[in-house]
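Below is one structure, written out as structure tokens; the observations come after it.
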Amino acid sequence: MKKKKINIPAYIYFILATAVIIVLFPREGKFRYAFTEGKPWQYGLLTAPFDFPIYKSAEQLKAEQDTVLKNFSPYFQWDNTVYERELNRFRSDIQDFQNNQWTWEYRRYVESAFKEIYEKGIVSNTDFEFLERNEYSVLKVRENDNKTTLYSTQDIFTLRSAYSYILDNRPEKLDVNVLRLVNLNDYIHENLKYDEALSEKVKEDDLQKISPSSGLVQSGEKIADRGEIINNQTFNILRSLKQIYDKQDGTVQHQTGLIIGIVVMVTGLMACFLMYLIFFRKRIYKVKKDVVFLLSMSTLFIFLTEVTVKYDWFSVYIIPYAIIPIVIRTFFDSRTTQMTHLITILICSLIVPFPFEFILMQLIVCMVAMYALKDLTQRSELIKCALYIFMTYIVVYLGYQLMQESDLNKINWSMLVYFAINFIFVMFTYPFIYIVEKIFGYISNVTLVELSDINTPALSLLSERSPGTFQHSLQVSMLGTAAAVKVGANPQLVRTGALYHDLGKIENPAFFTENKMEGPSPHDKLSYEQSARIITNHVPEGVKQAQNFGLPPAIIKFILTHHGKGKAKYFYNSQKNQYPDQPVNEEAFSYSGINPDTKETAILMMADSVEAASRSLKEYNEESIRNLVDKIIDAQIADGLLAEAPLTFKDITNIKNVFVEKLLTMYHSRITYPELDSEQSPVTSEQ
């Protein structure tokens, strides 16, 4: 059972494309200027839109914070009770100490040493390592009355250094070994303790006091003008303004408004594009691949613009927007090309800075591209077109800047580099068109010219196996091309289609009149029905051969339509005339093709029939040829073979006139050249 194809309406593709564009649309504010310290300002005059502070750079803030931290002193709490407690413990313990060497002088020295080290302060080993690690040279000591005193880190003791100090600073007459008899470590305890909560609070307060700004810019104040070198002050102002816009982007209100605006503008422009196709290009709108192609071209360049502006990779003028009109004009009409390009540029202008300048330049470039490259058939034409585009960018840019600034010194000459890179990218249109052909099944004039070369494998084989058919195809191409020019069809497409339309005759060339040699006809031994099947089979055989040779669908369509759903009239009429009382198998005498639905395929059908029938005329004059042309084409119209072709009565009349004119030229009588008398010598070229 055949699976049903899902028929997606064309407007769904527009909705999907619109959704993709909106999702990828930059959510940043309107500040999209690129600037670098020491480089010239590339844009026009910029003034402050409102009052705003000049924020310090991250490096400046870091330096000021480092200074604050460097000058910061940690807070320690003084415990007065430690000295009194440990001194009393020592006095109580020393009374019970029995040793003849321990005299009153030892006791008095130890007590005085205790007083000295406790007055200077003792900290724990951990706190002292903290002071050394952070290179604090001064610490602030708070006593019980909240009085703060500065202490030098070098003067305070640790538990170990206090004990060593007592031993090392004894009078000479005191024996150190006697001092060691008493375990002095038991009476040495820290009386300074690090107050982390207070220290961190004071440190944070000091850091908060650092001002994030170094000045104020008032509304309307000049910030930068085109061509001015961005110095450090201007750079900080621009950076501050950008930070403010970035902060605004984060607010829910700003984001909501921004998204609503994006949805309204993008949806509105895409709706205009949709309406254009519905009302003015219904044939394109009905072909899904055409809609997808146009939307793909537009979305691709909008995406490139969105990414470029969002990440600030390079100037948008590097993007080759001229590829849009070049590629679309290759496959569609000028009006559709302009509309697609216009919608793309208008959406991109919502993203880029200085939209008016952007729109002006891109629209002019689009017109130049279309006029300079009406038909792309040779690579040299593309090179010329790219040069015209490059020169147009330069001329329009310089003209606009001079009109705005009236000063060459303010022109950003680096833009010429962007235009040069753009020129290089435009040169890639040639392979891009080839990719489009393969993806969407289109055919360009470049490909048509290549396929028209009679040395291609398919045409070489046709001329070798079916020389009469090949000659017939050449004649048909000449008739069809002339008619196409007259009625505004694609002459190159008709010419190429005509060369391949009878490709199926290479299978049984002898059964076709134009290839018949002297002798009996191979149809003599066949019934009319059998002969008709062989004749009509050249259409599906032609499709098969074309697919084997890799011919594009646009050319295969000519094979399918050059007889449409008509009949092999010679054998059909012969069958009915000879056996009038017998029913006729209509299918056996009918071609399995499709009726033409374009100007080009309809022209080929008429040219093919007229050219073939003209060979049977006994007399070639205007009356006989016109009668033949009228008879053939009127019969095709009567049979409904041209019902789907977009041709007017005027077009049909013009085509008939062209055929008559061309056939008269092809079959005009020639003068008989006189023979030389035997007595006269021939005239040589030298004479």
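Quantities reported herein were computed from a predicted structural model and do not represent experimental measurements.
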May I have the step-by-step check of side chain to side chain donor-acceptor pair (under 3.5 Å) for Thr456 and Tyr500, ending in yes or no? CA-CA 11 Å; Thr456 59; Tyr500 290 93; 3.1 Å; yes
Dump the intermediate steps for side chain to side chain donor-acceptor pair (under 3.5 Å) on Thr598 and Thr601, then the final yes or no. CA-CA 5 Å; Thr598 64; Thr601 52; 2.8 Å; yes
Take Phe293 and Ile439 through the test side-chain contact (heavy atoms from CB on, under 4.5 Å) and record every step on the way to the result. CA-CA 9 Å; Phe293 167 66; Ile439 294 176; over 6 Å; no
Walk me through it: do Asp290 and Arg281 pass the test salt bridge (Lys or Arg N to Asp or Glu O under 4.0 Å)? CA-CA 11 Å; Asp290 292 347; Arg281 291 297 182 272; over 6 Å; no
Audit row: Ser452, Arg495, side chain to side chain donor-acceptor pair (under 3.5 Å) steps and yes/no: CA-CA 8 Å; Ser452 297; Arg495 177 187 292 113; 5.7 Å; no
Any chance you could lay out the side chain to side chain donor-acceptor pair (under 3.5 Å) test for Ser574 and Asn577, step after step, and finish with the verdict? CA-CA 5 Å; Ser574 299; Asn577 291 335; 5.7 Å; no
Chi angles and distances behind the salt bridge (Lys or Arg N to Asp or Glu O under 4.0 Å) call for Asp333, Arg283: CA-CA 12 Å; Asp333 61 281; Arg283 291 178 64 84; over 6 Å; no
Please lay out, stage by stage, how Ile655 and Leu647 fare under the test side-chain contact (heavy atoms from CB on, under 4.5 Å). CA-CA 10 Å; Ile655 291 171; Leu647 292 172; 4.2 Å; yes
Checking side-chain contact (heavy atoms from CB on, under 4.5 Å) for the pair Ser527/Gln530: CA distance, chi angles, key distance, verdict? CA-CA 5 Å; Ser527 66; Gln530 290 173 327; 3.2 Å; yes
side-chain contact (heavy atoms from CB on, under 4.5 Å) evaluation trace for Ile637 with Leu641: CA-CA 6 Å; Ile637 295 174; Leu641 300 181; over 6 Å; no
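Counting heavy-atom neighbours within 6.0 Å of Lys289 NZ, excluding the residue itself, gives a total above 12. Surrounding NZ of Lys288 are more than 12 heavy atoms belonging to other residues, nucleotides or ligands, all under 6.0 Å away. Counting non-hydrogen atoms of neighbouring residues, nucleotides and ligands closer than 6.0 angstrom, the NZ atom of Lys567 exceeds 12 such neighbours.
Using a 4.5 Å heavy-atom cutoff, the side chains of Thr336 and Phe280 are not in contact. Residues Asn422 and Ile318 have side chains not in contact (no heavy-atom distance under 4.5 Å, counting atoms from C-beta outward). The closest side-chain heavy-atom distance from Gln636 to Met605 is below 4.5 Å. Between Ile559 and Asp502 there is no side-chain heavy-atom pair separated by less than 4.5 Å. Using a 4.5 Å heavy-atom threshold, the side chains of Tyr393 and Ile364 count as separate. The side-chain heavy atoms of Val436 and Phe432, taken from C-beta on, include a pair separated by under 4.5 Å. Considering only heavy atoms from C-beta on, Leu664 stays 4.5 Å or farther from Tyr620 through its side chain. Two residues are said to be in side-chain contact when any heavy atoms from C-beta on lie closer than 4.5 Å; Ser477 and Val494 fail this criterion.
Side-chain atoms of Thr648 come within 3.5 Å of backbone atoms of Asp651 as a donor-acceptor pair (strictly under, hydrogens ignored). Between the side chain of Asn654 and the backbone N or O of Lys650, at least one donor-acceptor pair lies under 3.5 Å. Listed for the Ser298 side chain is no donor-acceptor partner under 3.5 Å among the backbone atoms of Leu294. Judged by distance alone, the side chain of Asp453 and the main-chain N or O of Asn455 form a donor-acceptor pair under 3.5 Å. Remark: the backbone N or O of Pro325 is not paired with any side-chain donor or acceptor of Thr337 at under 3.5 angstrom. A donor-acceptor distance shorter than 3.5 angstrom exists from the side chain of Asn595 to the backbone of Lys565, with no hydrogens or angles considered. Glu437 contributes a side-chain N or O that, together with a main-chain N or O of Ser444, makes up a donor-acceptor pair within less than 3.5 Å. Within the 3.5 Å criterion, the main-chain N or O of Asn490 finds a donor-acceptor partner in the side chain of Glu600. Not a single donor-acceptor pair under 3.5 Å links the side chain of Thr392 to the backbone N or O of Val365. Proximity of a side-chain donor or acceptor of Ser614 to a complementary backbone N or O of Glu611 within less than 3.5 Å is detected.
Under the 30°/60° scheme for interplanar angles, the aromatic rings of Phe423 and Phe390 are found to be tilted. Taking the six-membered ring where tryptophan is involved, the planes of Tyr442 and Phe440 are essentially parallel, since the angle between them stays under 30° and well short of 60°.
Rounding to the nearest 0.5 Å gives a distance of 8.0 Å between OG of Ser463 and CG of Leu461. Here the straight-line distance linking atom CZ of Arg615 with atom CG of Leu663 works out to 10.5 Å at 0.5 Å rounding. Separating the CG atom in Leu451 from the CD1 atom in Ile555 is a distance of 6.0 Å, to the nearest 0.5 Å. Atom-to-atom distance recorded for Glu507:CD and Arg465:CZ is 7.0 Å, nearest 0.5 angstrom. With values rounded to the nearest 0.5 angstrom, Leu474 atom CG is found 11.5 Å from Leu479 atom CG. Distance check, rounded to the nearest 0.5 Å: OH of Tyr13 to OG of Ser296 gives 10.5 Å.
Looking at every heavy atom in both residues, Val426 comes nearest to Ala322 through CG2-CB, 4.4 Å. In terms of heavy-atom proximity, Phe301 sits nearest to Pro320 at CE2-O, 3.2 Å. Nearest heavy-atom pair across Val629 and Val610 is CG2-CG1, 3.8 Å. Annotation for Cys272 and Met339: closest pair O-CE, 3.8 Å, computed over non-hydrogen atoms. Listed here is the closest heavy atom pair of Thr561 and Pro596: O-CD, 3.9 Å. Minimum heavy-atom separation, Ala607 to Gly480: CB-N, 4.1 Å.
Considering Ile443, Thr481, Val449 in turn, Val449 is the only one that fulfils the side chain to side chain contact (heavy atoms under 4.5 Å, CB included) rule with Gln492. Partner of Cys348 under the side chain to side chain contact (heavy atoms under 4.5 Å, CB included) criterion, out of Ile359, Thr305, Leu304, Ile319: Thr305 alone.
In this structure, the ring of His538 has its center no less than 6.0 angstrom from the ring center of His501. Checked against the 6.0 Å centroid threshold, Tyr276 and Tyr285 do not count as a close aromatic pair. Between Phe589 and Phe571, the distance separating the two ring centers is not shorter than 6.0 angstrom.
Between Asp597 and Lys557, at least one side-chain nitrogen of the basic residue sits less than 4.0 Å from a carboxylate oxygen of the acidic one, meeting the salt-bridge criterion.
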